[in-house]
Number of protein chains: 2
Amino acid sequence: MNRLLCGDALRIVPTFDEASLDAVITDPPYSSGGTFRGDRMQTTTKKYQLTGTSKTYSDFSGDNRDGRSWAFWSTLWMSDCFRVLKTGCPIVVFSDWRMLPLCTDALQAAGFVWRGIAVWDKTEAARPDKGRFRAQAEYLVWGSKGPMAVDRLDGAETRCLPGVFRAIVRQDDKFHLTGKPTNLMRQVVKICAPGGTILDPFMGSGSTGKAAQLEGYPFVGIDLSQHNVDIAQARINGKTLPSSTPTLFTSDPSPTGYEI
Amino acid sequence: MNRLLCGDALRIVPTFDEASLDAVITDPPYSSGGTFRGDRMQTTTKKYQLTGTSKTYSDFSGDNRDGRSWAFWSTLWMSDCFRVLKTGCPIVVFSDWRMLPLCTDALQAAGFVWRGIAVWDKTEAARPDKGRFRAQAEYLVWGSKGPMAVDRLDGAETRCLPGVFRAIVRQDDKFHLTGKPTNLMRQVVKICAPGGTILDPFMGSGSTGKAAQLEGYPFVGIDLSQHNVDIAQARINGKTLPSSTPTLFTSDPSPTGYEI
DNA sequence: TGTAGGTATGAATCCGACT
DNA sequence: AAGTCGGATTCATACCTAC
């Protein structure tokens with residue numbers, strides 16, 4: 001069973017039971033985009049979308065922190081995730097090149113053992129820049145709560161996962177400004193032990209959830225925006241949007257949302 | 001014309017003229033913790049040959065002593081490189097995933113503008129790890145001395161370089177424990193403006209120098225080990241070793257070596 | 001269904017003009 | 001002045017349209 005919740009991860013995750021989940025796989029707002037503070041303060045579409053693009057995506061909030069506060073905030077939500085993960089279970093966090101060092105700091109500050117960096121190669125379709133190395137990769141900073149739980153993989157076939165994923169972004173597979181390809185996420189979720197429940201505290205349009213469903217993992221997703229929760233629900237359910245949408249989670253400690 | 005020098009980069013680079021070189025491309029020792037020569041002189045073969053780099057580190061990288069002193073030492077030699085580079089010119093430093101955050105810190109501490117991370121994908125030939133993401137990539141942390149010098153690229157054709165290099169490690173193209181494929185390095189050296197002189201303060205067996213030669217760049221290489229300097233000389237010259245090898249650079253401020 | 005050719009796009013960046 | 005705003009740029013690939 002899947003649960004999709006609308007609200008702030010910093011409020012919702014603490015309501016979950018300790019040591020109840022099997023993996024965290026997420027793509028938080030990077031607060032990147034620009035050398036100067038002013039550049040980060042733009043709307044996300046202004047920062048990340050090419051001027052003159054016809055297709056429009058909704059802006060998302062929480063993308064204007066500076067480096068220090070981004071690391072501080074990341075440590076907070078990663079600590080919450082640490083609490084609800086079972087011992088030996090993995091966390092995977094997407095990052096761009098600029099935030100990568102801060103991301104590894106926050107992961108370790110939250111108590112995780114940093115295990116490595118995997119690479120998402122977006123191929124040569126990524127935006128070029130004359131006389132420079134093309135910024136065509138994003139990074140998957142990953143670690144575990146204590147020693148990796150190899151034991152739990154007994155019985156089920158245990159695979160080595162790739163360290164570099166080559167996956168281009170397709171228009172018909174992109175439901176969010178920063179949406180990830182489904183084929184990429186189907187590979188990534190396999191870091192979770194078979195049948196384990198996966199949490200994505202910043203699910204966006206729900207690519208992690210869709211991939212989890214396709215690979216047979218129960219999924220818990222959280223997003224600040226009702227719009228995104230609706231899109232994710234529709235994608236994962238494979239249905240059109242319901243007439244009655246769930247209410248926004250505010251201060252009530254018991255979140256509301258979809259159970260699908 | 002190429003120059004190959006034997007000695008300590010921290011002694012030799014300061015003897016070069018300020019703002020006299022056009023690029024720094026290098027692969028420093030990853031685990032060389034020492035500020036002191038003796039620390040770096042210890043044999044690393046045993047550490048690397050059996051397990052690859054990752055097993056030799058503790059599970060808790062970051063602010064331990066090895067990491068701190070590596071970053072400190074890196075800042076020193078990068079600062080030397082900063083001085084001898086012309087304004088607007090690039091520096092490229094290879095790093096493994098563990099040292100990557102420290103490497104970006106040191107690069108910026110030395111005064112460079114950090115511009116990004118490129119990826120060397122060693123492909124699936126890298127050693128697999130059950131139930132984990134394969135550590136199959138190394139990283140090229142790169143930056144520039146001030147704003148990138150686009151002006152100097154006028155006239156010559158300027159291109160966007162790839163951000164992910166796929167290159168398998170071939171045994172017959174490997175003259176050194178951590179040698180890089182020539183095809184990889186031929187791509188990387190193109191970050192240097194056409195005809196510019198490239199410095200590699202830790203040249204090892206000279207892959208950077210060989211690539212520089214093939215792509216038409218003058219090259220200055222430094223290595224602590226006479227053995228490596230001899231190998232590099234032979235590779236770049238395409239000849240057998242000379243009967244009289246150059247003397248080890250010690251405290252004499254005017255280094256000796258090959259001019260080829 | 002297949003091929004060829006034109007157009008749109010990308011988790012940017014730089015720079016100059018304006019407030 | 002520091003902060004904002006907007007236009008130009010880069011090229012491999014996907015996507016669309018015409019034949």
Side-chain angles (χ1 to χ4, degrees), chain A residues 26-67 70 74 93-100 102-103 119-141 165-185 202-205 207-208 228, chain B residues 88 90 113-119 142-144 146-154 156-166 187 190-191:
Chain A
T26 195
D27 181 27
Y30 297 164
S31 294
S32 194
T35 318
F36 304 104
R37 180 182 160 277
D39 297 327
R40 284 192 302 276
M41 297 305 167
Q42 312 277 334
T43 63
T44 53
T45 42
K46 168 68 180 78
K47 278 198 294 188
Y48 300 135
Q49 246 191 328
L50 183 66
T51 49
T53 307
S54 60
K55 192 166 178 181
T56 57
Y57 299 99
S58 63
D59 281 309
F60 53 92
S61 55
D63 197 66
N64 44 22
R65 300 173 172 91
D66 67 16
W70 189 86
S74 295
V93 182
F94 278 82
S95 172
D96 72 349
W97 65 269
R98 212 184 276 279
M99 289 302 165
L100 204 153
L102 292 174
C103 190
V119 176
W120 171 28
D121 177 4
K122 300 197 250 191
T123 79
E124 291 73 18
R127 179 174 293 138
D129 210 348
K130 202 174 174 183
R132 307 176 180 211
F133 298 114
R134 190 190 298 258
Q136 74 183 71
E138 284 186 32
Y139 303 90
L140 292 78
V141 175
F165 301 94
R166 221 177 125 83
I168 197 162
V169 178
R170 298 170 56 98
Q171 283 303 316
D172 56 5
D173 190 30
K174 182 173 171 174
F175 299 86
H176 188 264
L177 179 56
T178 69
K180 305 283 175 284
T182 305
N183 283 339
L184 166 69
M185 297 312 297
F202 308 98
M203 76 173 159
S205 57
S207 297
T208 305
N228 283 340
Chain B
V113 178
W114 179 30
R115 297 265 169 204
I117 302 171
V119 176
W142 74 284
S144 64
M148 290 287 285
V150 261
D151 302 339
R152 300 194 306 102
L153 301 174
D154 279 352
E157 102 256 49
T158 311
R159 287 162 315 178
C160 166
L161 299 169
V164 176
F165 302 94
R166 247 177 98 84
Q187 292 270 83
K190 290 178 183 163
I191 193 68

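Since we're looking at a predicted model, the values are computed, not measured. In what follows, every heavy atom counts, from backbone to side chain, and hydrogens, waters and symmetry copies are set aside.
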In whole Å, I'd like the distance from the [atom1] atom of [X] to the [atom2] atom of [N].
X         : N       : atom1 : atom2 : answer
Arg134(A) : dC11(D) : CZ    : P     : 8 Å
Phe175(A) : dA11(C) : CZ    : P     : 16 Å
Phe133(A) : dA12(C) : CZ    : P     : 18 Å
Glu124(A) : dC11(D) : CD    : P     : 13 Å
Lys46(A)  : dA11(C) : NZ    : P     : 15 Å
Leu161(B) : dA12(C) : CG    : C1'   : 17 Å
Lys130(A) : dT13(C) : NZ    : P     : 18 Å
Ile117(B) : dA12(C) : CD1   : C1'   : 16 Å

> Mapping Ala126(A) and Val169(A) onto DNA chain D by nearest heavy atom, which one lands closer to the 5' end?
Replying inline: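 Nearer the 5' end of the strand: Ala126(A).
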
> Taking the side chain from Asp173(A) and the backbone from Thr182(A), do they hold a donor-acceptor pair closer than 3.5 Å?
Replying inline: yes

> Between Trp120(A) (side chain) and Leu140(A) (backbone), is there a donor-acceptor pair under 3.5 Å?
Replying inline: no

Is there a side-chain contact between [X] and the phosphate of [N], meaning an N or O under 4.0 Å from OP1 or OP2?
X         : N       : result
Arg170(A) : dG10(C) : no
Lys122(A) : dA11(C) : yes
Lys174(A) : dA11(C) : yes
Arg127(A) : dT13(D) : no
Arg132(A) : dC14(C) : yes

When you get a sec, tell me which of [options] is the closest nucleotide to the side chain of [X]?
X         : options                   : result
Asp172(A) : dC15(D), dT13(C), dG10(C) : dC15(D)
Gln171(A) : dA11(C), dT9(C), dG7(D)   : dT9(C)
Gln49(A)  : dG6(D), dA11(C), dG10(C)  : dG10(C)

> Stacking check: are the rings of Tyr48(A) and dG10(C) less than 5.5 Å apart at their centres and under 30 degrees in tilt?
Replying inline: no

> Between Ser31(A) and Arg65(A), which heavy-atom pair has the shortest distance, and what is it?
Replying inline: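 Shortest heavy-atom separation between Ser31(A) and Arg65(A) comes out as OG-N, 3.1 Å.
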
>> Quick check: closest heavy atoms across Arg134(A) and Pro128(A), and the distance to 0.1 Å?
In response: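 Scanning both residues, the minimum pair turns out to be NH1-CB, 3.5 Å.
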
>> Nearest heavy atom decides the nucleotide; on that basis, is Arg115(B) or Glu138(A) closer to the 5' end of DNA chain C?
In response: Glu138(A)

> What is the base-pairing partner of dT10(D), counting Watson-Crick and G-U wobble geometry with both distances under 3.5 Å?
Replying inline: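 Paired with no nucleotide.
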
>> For dA11(C), give the paired nucleotide (Watson-Crick: N1-N3 plus N6-O4 or O6-N4; G-U: N1-O2 and O6-N3; both under 3.5 Å), or none.
In response: none

>> Suppose you measure atom P in dG6(D) against the same atom in dA11(C); what distance do you get, rounded to whole Å?
In response: 22 Å

> Does a salt bridge link Arg98(A) with Asp96(A), judged by any charged N lying under 4.0 Å from a carboxylate O?
Replying inline: no

> Checking all strands, does Pro162(B) fall into the base, sugar-phosphate, or nothing category for heavy-atom contacts under 4.0 angstrom?
Replying inline: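 Counting heavy atoms under 4.0 Å across all strands, no contact is made by Pro162(B).
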
> What does Trp97(A) touch in the nucleic acid at a heavy-atom separation under 4.0 angstrom: a base, only the sugar-phosphate, or nothing?
Replying inline: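 It contacts sugar-phosphate atoms only.
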
> So, Asp63(A) versus Thr44(A): side-chain donor-acceptor pair below 3.5 Å or not?
Replying inline: no

